[in-house]
Amino acid sequence: MIPVPRASKRKRRSFQLAKQNLDLIFDNLPDPIFVTDCYGNVLLSNSTTALTLDMSLDQLLKSNIHDLVAKNYYSKSYAVEAAEKKCVVQGELITKLGVRQISTSTPIMDDEGNVILVLTTGKMAEYTDKAINAEEKENAKRRKREIEYLRSYVLDKDTIVAESKAMKQLLLQAHVVAQTDGTVVLYGESGTGKEILAKYLHRHSKRSGEAFIAVNCATLPEHLAESELFGYEKGAFTGANAEGKVGLFEAAHRGTLFLDEIAEMPLPLQAKLLRVLETYEIRRLGSCVDRKLDFRLICATHKDLQKMTQEGTFRADLFYRLNVIPIQIPPLRERPEDIVALAFKFFEDFKRKYGLEMRMTPDTIEFLQKHNWPGNVRELRNAIERLIINNMQGCTLEQLEIERHLPGSVPQCNYVLTHGMHGTLKEVTKFVEKQYIYQVLNECGGKMGEAAEKLGIYRTVLYRKLKAYEQEKADER
């Protein structure tokens with residue numbers, strides 16, 4: 001036997017390792033890539049491809065290209081054309097999320113010239129001759145950043161719940177903004193999660209390794225606000241710390257400073273903040289030395305700052321200095337898809353906290369969906385915690401007291417019941433379908449995409465059915 005050279009053995013082992021980890025290799029490629037058979041069935045893909053279509057990788061791997069085009073996930077398919085023409089086909093297409101890319105489909109044929117596989121790759125328009133002017137190039141860069149966000153969102157999906165289209169678009173915007181140092185003002189009703197989004201911006205910025213300093217301007221005592229923000233030297237005033245104190249501006253050096261409730265900042269302090277933002281220098285109380293700072297500023301408010309400038313309660317020059325990148329967070333009532341997902345997230349969190357084993361019933365889910373939630377995410381979180389604590393005492397949904405009492409108690413059903421039912425086959429089938437949908441939704445923790453996949457229906461169909469159940473409940477009342 002002739003010994004195999006060591007280099008050849010290493011090469012063979014490397015090849016076997018690569019073959020075993022083909023899925024992993026595919027998933028780490030930055031651009032869309034997938035393989036279909038000659039009938040258009042998706043056999044292999046990476047997560048980037050799935051995310052540009054607003055679907056999970058598991059869903060994509062069970063799909064057919066013909067169906068995806070018919071349902072407008074793709075504007076068209078070159079994979080199908082390549083299989084039919086038996087040659088490489090290239091062209092531009094647009095995905096469901098509006099991502100424009102140049103797609104190249106290459107047929108792979110057997111010895112007899114029959115197409116057995118089609119390899120399709122996508123490239124952002126930035127890398128093609130299609131981007132012929134500055135505006136198109138900038139749009140291509142923006143779409144590339146969106147793709148990068150979508151990939152990162154797979155790893156970060158447990159941080160911010162975003163089932164609704166409005167929140168997904170907002171997070172796309174936030175991800176792009178996070179890469180810059182521009183001042184951001186987060187607008188939104190109380191309880192919409194402005195501080196959570198501020199932390200998200202910091203976590204995805206180049207300053208993520210530095211401090212995130214959060215200051216609630218509404219809770220700063222007016223007579224201490226300046227010393228808290230700017231700091232002071234030792235002996236600066238009576239009662240001061242003998243060693244002096246670093247201010248919050250300094251503490252945020254190289255990191256992010258988050259000023260919550262910026263509208264509550266007193267006018268005299270607004271003038272001082274404006275100077276800091278113009279020079280990025282601060283002077284501690286009792287000092288004659290200016291200190292150079294480098295921080296990224298994010299502000300938040302539930303008030304209309306522009307209207308406040310007209311009323312004279314907020315400095316106009318500071319408003320225009322702050323309002324570089326305004327981001328509006330929609331209230332929870334405008335994104336009903338997030339209500340269910342958030343409810344399940346909080347439900348699981350509190351179950352772990354209190355060491356309980358229980359499930360949300362269909363009636364509870366319906367009740368949560370139809371409530372207006374004036375307190376937004378904060379109110380929903382408190383309501384779920386109250387629900388779990390009440391259940392520990394054997395109480396019912398009546399004692400939630402979110403909006404008004406509901407007649408009767410909540411049936412504790414964790415499975416589909418048909419025993420003793422009456423009605424036509426259609427009526428019974430409809431009832432069973434409804435119960436099963438809520439059961440699967442429970443099992444999936446409120447994740448619409450996962451539940452739709454288990455049910456074998458599209459997510460839009462699931463949304464439509466849940467909305468119909470909600471309307472039926474309203475009509476009965």
Side-chain angles (χ1 to χ4, degrees), residues 11-131 139-141 143-155 449 453 458:
K11 187 174 180 180
R12 189 165 59 187
R13 281 198 299 269
S14 297
F15 176 76
Q16 289 172 343
L17 185 63
K19 190 175 180 181
Q20 291 167 2
N21 292 279
L22 186 59
D23 289 341
L24 189 61
I25 294 168
F26 247 59
D27 208 44
N28 277 281
L29 293 173
D31 295 311
I33 181 170
F34 62 94
V35 176
T36 54
D37 62 17
C38 61
Y39 304 106
N41 297 310
V42 181
L43 305 177
L44 191 64
S45 176
N46 65 352
S47 59
T48 302
T49 308
L51 289 167
T52 61
L53 301 175
D54 191 23
M55 65 194 311
S56 69
L57 182 57
D58 286 343
Q59 285 177 299
L60 179 57
L61 292 173
K62 296 174 184 176
S63 302
N64 183 284
I65 292 296
H66 295 275
D67 295 333
L68 294 178
V69 173
K71 293 181 170 69
N72 297 318
Y73 282 93
Y74 278 120
S75 58
K76 67 177 302 180
S77 171
Y78 296 100
V80 173
E81 195 174 337
E84 292 173 350
K85 294 182 177 179
K86 297 185 178 182
C87 66
V88 177
V89 180
Q90 185 181 72
E92 184 178 294
L93 56 77
I94 301 174
T95 72
K96 186 181 179 182
L97 279 185
V99 179
R100 184 168 62 91
Q101 58 185 256
I102 301 301
S103 178
T104 304
S105 293
T106 305
I108 299 169
M109 293 175 278
D110 59 18
D111 295 338
E112 297 177 1
N114 299 314
V115 175
I116 52 175
L117 298 172
V118 177
L119 173 67
T120 300
T121 58
K123 283 284 184 183
M124 302 305 295
E126 176 187 6
Y127 301 114
T128 72
D129 294 334
K130 296 285 183 182
N139 287 338
K141 288 178 182 178
R143 292 187 186 98
K144 184 174 184 291
R145 288 195 298 267
E146 289 175 357
I147 290 296
E148 289 169 352
Y149 155 72
L150 287 168
R151 288 182 59 81
S152 70
Y153 183 66
V154 173
L155 303 176
E453 185 180 347
Y458 286 99

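Scope of the values below: all heavy atoms of this structure, side chains included, with no hydrogens, waters or symmetry mates.
Gln90 and Ile102 make their closest contact through CG-CG2, 3.7 Å (heavy atoms, listed as atom of the first residue, atom of the second, distance). Of all heavy-atom pairs between Val69 and Ser77, the closest is CG2-CB, 3.7 Å. Nearest approach of Lys86 to Gly113, heavy atoms of both residues: NZ-O, 3.3 Å. When every heavy atom of Ala83 is checked against every heavy atom of Val115, the shortest pair comes out as O-CG2, 3.7 Å. When all heavy atoms of Ala82 and Val118 are compared, the closest pair comes out as CB-CG1, 4.2 Å.
Taking OG of Ser75 as the start and CD of Gln101 as the end, the distance is 9.0 Å to the nearest 0.5 Å. Between Leu61 atom CG and Leu44 atom CG the span is 7.5 Å, to the nearest 0.5 Å. With rounding to the nearest 0.5 angstrom, the CD atom of Glu81 is 10.5 Å from the OG atom of Ser103. The distance from atom CG of Leu117 to atom CG of Asp110, rounded to the nearest 0.5 Å, is 10.0 Å. Between the CD1 atom of Ile65 and the NZ atom of Lys76 there is a distance of 13.5 Å, given to the nearest 0.5 Å. Note that CD1 of Ile33 is 11.0 Å distant from OG1 of Thr104, once rounded to the nearest 0.5 Å.
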*Take Tyr74 and Val80 through the side-chain contact (heavy atoms from CB on, under 4.5 Å) test and state the conclusion after the steps.*
CA-CA 12 Å; Tyr74 278 120; Val80 173; over 6 Å; no

*With side-chain contact (heavy atoms from CB on, under 4.5 Å) as the test, would you mind laying out the steps for Asn114 and Cys38 before giving the verdict?*
CA-CA 9 Å; Asn114 299 314; Cys38 61; over 6 Å; no

_Residues Tyr78, Leu93; criterion side-chain contact (heavy atoms from CB on, under 4.5 Å); working and verdict_ = CA-CA 9 Å; Tyr78 296 100; Leu93 56 77; 4.0 Å; yes

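Side chain of Ser105 to backbone of Ala79: a donor-acceptor contact under 3.5 angstrom is found.
Between Thr95 and Thr49 the shortest side-chain heavy-atom distance does not fall below 4.5 Å.
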